[in-house]
Amino acid sequence: MNYEDSPDEAAFRADLHAWLVGNIPFARPDPSDEEATVAFLRRWHQELAKAGWLGLSLPVAVGGRGLEPIYEGIFNEEIALTDAPPPPRNIGFLARAVLGFGTVEQQLRYLPSLLTCEEMWCQGFSEPGAGSDLASLSTRADLDGDEYVVNGQKVWTTFGKWADWCLLLVRTDPGVPKHKGISALALRVDSPGVTVRPIHQIDHSEELSEIFFDDVRVPVDQRIGAPGEGWRLAMKTLAYERGPADVGAVARGSKLLGQLERSARRGELDGVPDVRRRLARTYVHMEVLRLHVLRSLSSRATGEPGPEGSADKLLMVQVEQELSRLRLELSGDRALLGEDTAALHDYLHSRALSIYGGSAQIQRNIIAQRVLGMPTA
């Protein structure tokens, strides 16, 4: 395959690069001020939406641009290469869930405000007893006339504290095998009976939350997909969530690797054990990840992400954890004394990469069983 930009892709990249250079906000809030940071990012995301840079591969009818998936990869590369603030994390994979399973009416109802960032969504999947074994979830939705009554708890919900809507997995039929009794609901987070409890994390952020549901009533017309289709919807959502191309991992990692290489040449990393060998190994891993991502984006032009994406996720985790560890060692005492909070934050955040979106162990099982065809235990 050809790994170079086509003429149309090159023109798109140039237009995007010029827009970013002319519109990136220079004044940014202190990362430790989370409320200010969230407000800042929301304004930035709305600017991206107004300029037509969000939902590039989504249909024009719902506010997208109908482009090939490769343009999403170019967008994320340029965001990282220009050091622009990050784009919305969850628009792509949550929109795919609504597109793949929602009615036309639901798509027109939910997606335009999602793409313009007027409304923020979160993802209510994991529970205290259902993380890697997501199919064991116990949050229930019992049908009562033309409404579901929801009771249960979700945990590790990203942006739950600020979300307007939640794409919620619930058990609607406890009498069938666990994978078949799950449905998905679009639930207003400000509904009566919903309690959001932020989780204070090791990096002092409250990005994650617990959400409790006590007799929360949700209209039946807010179910996304047919009853029992929740597992299929979840797998589609996670397939996109795990994609390094969707989160700009290659460009972000390449930029940081370049910075570390320049520091090594200046002798600033001489105190870091075996630094040149580690940089070389990370470079190889980065190049393998880059080629995997390009292959994955090309395959999306003719179909959905497949189980091979688990290899991309494992490579992304390996590269980002290697780079964040090197950056932390370079920072030395400055990170621990609060003089380089970004290095410490990135390192701590990188530890979670091998857990969220499906743990590394789950990804290896997917590769073994669904890619290599190995027998289950």
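Positions are given from 1 along the sequence.
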[atom2] on [Y] to [atom1] on [X], rounded to 0.5 Å:
X	Y	atom1	atom2	answer
L348	L328	CG	CG	8.0 Å
N151	S138	CG	OG	10.5 Å
E68	D8	CD	CG	11.0 Å
L208	Q201	CG	CD	4.0 Å
H345	S205	NE2	OG	5.5 Å
R334	L344	CZ	CG	12.0 Å

Problem - Inter- and intrachain pairs under side chain to side chain donor-acceptor pair (under 3.5 Å), touching residues 161-177, at least two apart - result: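 Every pair satisfying side chain to side chain donor-acceptor pair (under 3.5 Å) with a residue in residues 161-177: E35-K161, E35-W162, R42-D164, E119-W165, K161-E206, T172-S183.
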Does a sphere of radius 6.0 Å around [atom1] in [X] hold more than 12 heavy atoms from other residues, nucleotides or ligands, not counting ones at 6.0 Å or beyond?
X	atom1	result
R266	CZ	yes
R276	CZ	no
D333	CG	no

Please check if [X] and [Y] belong to a single hydrophobic cluster, counting links between Ile, Leu, Val, Met, Phe, Trp and Tyr side chain heavy atoms closer than 4.5 Å.
X	Y	answer
L137	V155	no
I79	L323	yes
W156	L238	no
V104	L167	yes
F40	L20	no

Look only at the side chain of [X] and the backbone of [Y], and say whether a donor-acceptor pair between them is shorter than 3.5 Å.
X	Y	value
E118	S113	no
Q107	L99	yes
E72	L56	yes
K154	L169	yes
R223	G225	yes

Any side-chain heavy-atom pair of [X] and [Y] under 4.5 Å:
X	Y	value
I24	P85	yes
K178	D133	yes
E47	N23	no
V62	Y110	no
L111	L58	no
Y347	R325	yes
S254	E77	no
W19	L48	yes

Any donor-acceptor pair under 3.5 Å linking the side-chain atoms of [Y] with those of [X]?
X	Y	value
Q153	E210	yes
S57	R96	yes
T237	Q123	no
Q363	S310	yes

Handout entry: ILVMFWY cluster membership beyond V196 - transitive side-chain contacts under 4.5 angstrom
Key =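 Under the 4.5 Å side-chain rule, V196 groups with L143, Y148, V150, L168, V170, L185, L187, V189, V194, I211, F213, V216, V218, V220.
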Exercise for the section: Step by step, work out the side-chain contact (heavy atoms from CB on, under 4.5 Å) result for V288 and L315. Expected result: CA-CA 8 Å; V288 173; L315 284 167; 3.9 Å; yes
Problem - Test salt bridge (Lys or Arg N to Asp or Glu O under 4.0 Å) applied to R13 and E9, step by step - result: CA-CA 6 Å; R13 187 187 294 274; E9 292 162 3; over 6 Å; no
Please find the pair of heavy atoms, one from [X] and one from [Y], that lie closest to each other, and give the distance.
X	Y	result
K313	L353	NZ-O, 3.0 Å
Q46	C117	NE2-O, 3.3 Å
T37	P29	CA-CG, 3.7 Å
S209	I199	C-CD1, 3.8 Å
A343	S331	CB-CB, 4.0 Å
I224	A97	CG2-O, 4.2 Å

Exercise for the section: Could you go through the side-chain contact (heavy atoms from CB on, under 4.5 Å) check for F101 and Q106 one step at a time? Expected result: CA-CA 9 Å; F101 294 87; Q106 289 173 331; over 6 Å; no
Exercise for the section: Show your working on side-chain contact (heavy atoms from CB on, under 4.5 Å) between H179 and M235 and close with a plain yes or no. Expected result: CA-CA 11 Å; H179 291 83; M235 293 304 98; over 6 Å; no
Exercise for the section: Give a yes or no on whether the ring-centroid distance for W53 and F12 is below 6.0 angstrom. Expected result: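 Ring centres of F12 and W53 closer than 6.0 Å.
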Practice task
Scan residues 267-293 for pairs that pass ring pair (Phe, Tyr, Trp, His ring centres under 6.0 Å), counting only residues two or more places apart or in two chains.
Solution key: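 Found none.
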Handout entry: Chi angles and distances behind the side-chain contact (heavy atoms from CB on, under 4.5 Å) call for R217, D144
Key = CA-CA 9 Å; R217 305 191 77 88; D144 181 20; 2.5 Å; yes
